[in-house]
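Below: one structure, written as structure tokens.
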Amino acid sequence: NEQTENMKQIQEALSTPIGAAADFDEDELEAELEDLEGLELEEQLLQPATKTPATPLPQMPASRYPPQTAPQKAQPSSAEDDELAALQAEMAL
């Protein structure tokens with residue numbers, strides 16, 4: 001079929017690189033890119049770390065705060081103690 005042959009030729013012509021694009025080798029370009037990335041990473045790692053923290057740390061006050069004590073719980077009454085003892089005995093704890 002002549003029309004099919006023409007279409008195949010057109011597709012081949014369109015997919016074939018011309019000019020400067022025909023001279024590039026993908027593997028060679030990939031290797032060069034890896035070398036450049038490696039060199040850039042090396043340069044970054046060899047540079048001294050001179051960056052300051054993004055947010056400055058807060059200053060501590062000169063005087064100390066008095067220590068805080070935990071609030072004491074109210075002592076349970078003896079009726080509550082008796083009730084608790086009865087429940088514990090019931091549960092066999």
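Side chains included, hydrogens not; waters and symmetry mates left out as well; all remaining heavy atoms used. For clarity, every value in this text was computed on a predicted model and none was experimentally measured. For the single chain, residues carry numbers from 1 onward in sequence order.
Grouped with Leu33 in a hydrophobic cluster is no other residue, since no side-chain heavy-atom contact under 4.5 Å to another Ile, Leu, Val, Met, Phe, Trp or Tyr is found. Through side-chain heavy atoms spaced under 4.5 Å, either directly or across other Ile, Leu, Val, Met, Phe, Trp or Tyr residues, Leu36 is tied to no other residue. Under a 4.5 Å side-chain heavy-atom criterion applied to ILVMFWY residues, the cluster that includes Leu84 comprises that residue alone. Alongside Leu14, the hydrophobic cluster contains Ile10 (criterion: ILVMFWY side chains under 4.5 Å).
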Show the numbers, then the answer: is there a side-chain contact (heavy atoms from CB on, under 4.5 Å) between Gln9 and Asn6? CA-CA 5 Å; Gln9 288 178 357; Asn6 286 339; 4.1 Å; yes
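In this structure Gln44 satisfies the side-chain contact (heavy atoms from CB on, under 4.5 Å) test together with Glu40, Leu41, sequence neighbours excluded. For Thr4, the side-chain contact (heavy atoms from CB on, under 4.5 Å) partners two or more places apart in sequence, or in a different chain, are Asn1, Lys8.
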